[in-house]
Amino acid sequence: GPQIRNRTFPLEELLMTLWIAGAALFLLYHGLGTWFFTRKARRWSRSAGEETLRVYGEVCREMGVRRPPVLRVSPEAGSPMMMGLLRPRLMLPTEDIGERELAFILRHELTHHRRHDLWYKLALLLANGMHWFNPLIFLGAALFALFTVFLSCARPGRMAAKVSPVEAVRYTEGGGPKKAGKREKVR
């Protein structure tokens with residue numbers, strides 16, 4: 001009768017296939033997620049207004065940023081952020097921000113830009129993709145993210161320390177400075 005050949009699948013091949021599949025799925029998931037988000041945020045973005053651009057120019061000059069990223073406003077950006085490796089953009093979710101708070105936000109985001117944090121995040125993402133099975137890499141990436149946020153908050157934090165307590169309370173309780181000419185509703 002016909003001989004049945006007993007073929008075994010080597011463990012090394014199985015593990016290599018599993019590792020490649022995991023890395024591919026990890027990178028595909030994060031790559032497509034970033035691409036779709038960036039595309040949506042850019043599609044619904046608009047140019048910043050005159051006053052916002054004025055503050056942006058002042059902050060760029062103050063920080064010595066010679067080639068600042070394009071400043072856009074997009075409601076799809078849940079918070080201020082840098083996006084784009086080759087053509088960086090600074091996205092604001094809204095322009096309904098007081099001038100002083102806007103300057104702090106812009107300094108924070110421009111610090112990310114000056115330190116090339118997006119490139120470091122890409123390197124970490126690639127390391128995560130190659131070592132998707134290793135929890136220490138995820139811990140390292142989380143610590144790096146925390147560290148970059150800490151560094152980018154240092155200078156704006158020192159400047160925020162100079163804000164008067166009354167102004168600080170107004171930002172935390174009232175959502176920012178009151179616009180001239182607008183009155184609060186009396187209950």
Side-chain angles (χ1 to χ4, degrees), residues 30-31 33-126 141-184:
H30 287 284
T34 300
W35 184 76
F36 281 121
F37 171 74
T38 301
R39 188 170 174 216
K40 187 176 181 182
R42 283 184 177 175
R43 177 185 306 144
W44 295 107
S45 72
R46 62 176 172 77
S47 297
E50 194 175 301
E51 184 64 19
T52 302
L53 289 172
R54 181 191 63 76
V55 173
Y56 186 53
E58 288 174 7
V59 170
C60 288
R61 279 189 296 283
E62 173 192 314
M63 293 181 68
V65 177
R66 282 175 272 171
R67 293 187 332 165
V70 174
L71 179 64
R72 304 286 294 174
V73 179
S74 175
E76 295 300 321
S79 64
M81 66 181 67
M82 288 295 307
M83 63 173 47
L85 292 170
L86 301 177
R87 291 179 300 169
R89 290 186 179 7
L90 196 162
M91 291 287 199
L92 295 174
T94 181
E95 288 183 282
D96 192 23
I97 304 169
E99 183 176 328
R100 191 170 182 138
E101 185 181 7
L102 176 63
F104 289 140
I105 289 168
L106 294 173
R107 281 186 197 96
H108 175 93
E109 294 305 322
L110 286 171
T111 301
H112 285 302
H113 174 68
R114 284 181 32 183
R115 292 188 175 140
H116 307 288
D117 286 347
L118 291 179
W119 287 99
Y120 293 123
K121 283 187 173 192
L122 176 63
L124 278 174
L125 183 69
L126 293 174
L143 288 174
F144 178 78
L146 183 65
F147 183 67
T148 59
V149 168
F150 175 75
L151 285 178
S152 62
C153 289
R155 184 167 184 219
R158 284 192 303 272
M159 296 182 82
K162 297 174 185 174
V163 173
S164 74
V166 172
E167 192 172 353
V169 168
R170 196 167 56 203
Y171 277 124
T172 57
E173 290 180 352
K178 304 285 186 258
K179 303 254 191 233
K182 291 192 177 181
R183 305 176 106 195
E184 271 189 42

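With values rounded to the nearest 0.5 angstrom, Met82 atom CE is found 10.5 Å from His116 atom NE2. A distance of 10.0 Å separates CD in Glu58 from CG in Leu102, rounded to the nearest 0.5 Å. One finds the CZ atom of Phe150 at 9.0 Å from the CG atom of Leu146 (value rounded to the nearest 0.5 Å).
Annotation: side chain of Tyr56 is in contact with side chain of Pro69 (closest heavy-atom distance under 4.5 Å). Contact check for Leu71 versus Leu106: side-chain heavy atoms found under the 4.5 Å cut-off. By the 4.5 Å heavy-atom criterion applied to side chains, Met83 and Thr34 are not counted as neighbours.
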Less than 3.5 Å apart, which donor and acceptor atoms pair up between the side chains of residues 87-94 and the rest of the protein, not counting sequence neighbours?
{"unit_1": "Thr94", "atom_1": "OG1", "unit_2": "Asp96", "atom_2": "N", "d": "3.1"}

Show me the donor-acceptor pairs within less than 3.5 Å that the side chains of residues 44-51 make with the rest of the protein, sequence neighbours left out.
{"unit_1": "Ser45", "atom_1": "OG", "unit_2": "Arg42", "atom_2": "O", "d": "2.8"}
{"unit_1": "Ser45", "atom_1": "OG", "unit_2": "Arg72", "atom_2": "NE", "d": "3.2"}
{"unit_1": "Ser45", "atom_1": "OG", "unit_2": "Arg72", "atom_2": "NH2", "d": "3.2"}
{"unit_1": "Arg46", "atom_1": "NH1", "unit_2": "Glu95", "atom_2": "OE1", "d": "2.7"}
{"unit_1": "Arg46", "atom_1": "NH2", "unit_2": "Glu95", "atom_2": "OE1", "d": "3.0"}
{"unit_1": "Ser47", "atom_1": "OG", "unit_2": "Arg72", "atom_2": "NH1", "d": "3.2"}
{"unit_1": "Glu51", "atom_1": "OE1", "unit_2": "Arg54", "atom_2": "NE", "d": "3.4"}
{"unit_1": "Glu51", "atom_1": "OE2", "unit_2": "Arg54", "atom_2": "NE", "d": "3.1"}
{"unit_1": "Glu51", "atom_1": "OE2", "unit_2": "Arg54", "atom_2": "NH2", "d": "2.3"}

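Here Arg115 pairs with nothing under the side-chain hydrogen bond (donor to acceptor under 3.5 Å, both in side chains) rule; sequence neighbours left out. Partners of His112 according to the side-chain hydrogen bond (donor to acceptor under 3.5 Å, both in side chains) rule, which considers only residues two or more places apart in sequence or in another chain, are His108, Asp117, Ser152. With sequence neighbours excluded, no residue satisfies salt bridge (charged side-chain N to carboxylate O under 4.0 Å, His left out) with Arg67. Evaluation of the side-chain contact (heavy atoms from CB on, under 4.5 Å) rule for Arg39 yields Trp35, Arg43 as partners, not counting sequence neighbours.
Taking each heavy atom of Val59 and Leu110 in turn, the nearest pair found is CG1-CD1, 3.8 Å. Minimum interatomic distance between Met81 and Phe37 (heavy atoms only, all atoms of both residues): SD-CE2, 3.6 Å. Between Glu76 and Ala41, the shortest heavy-atom distance links the atoms CB-CA, 3.8 Å.
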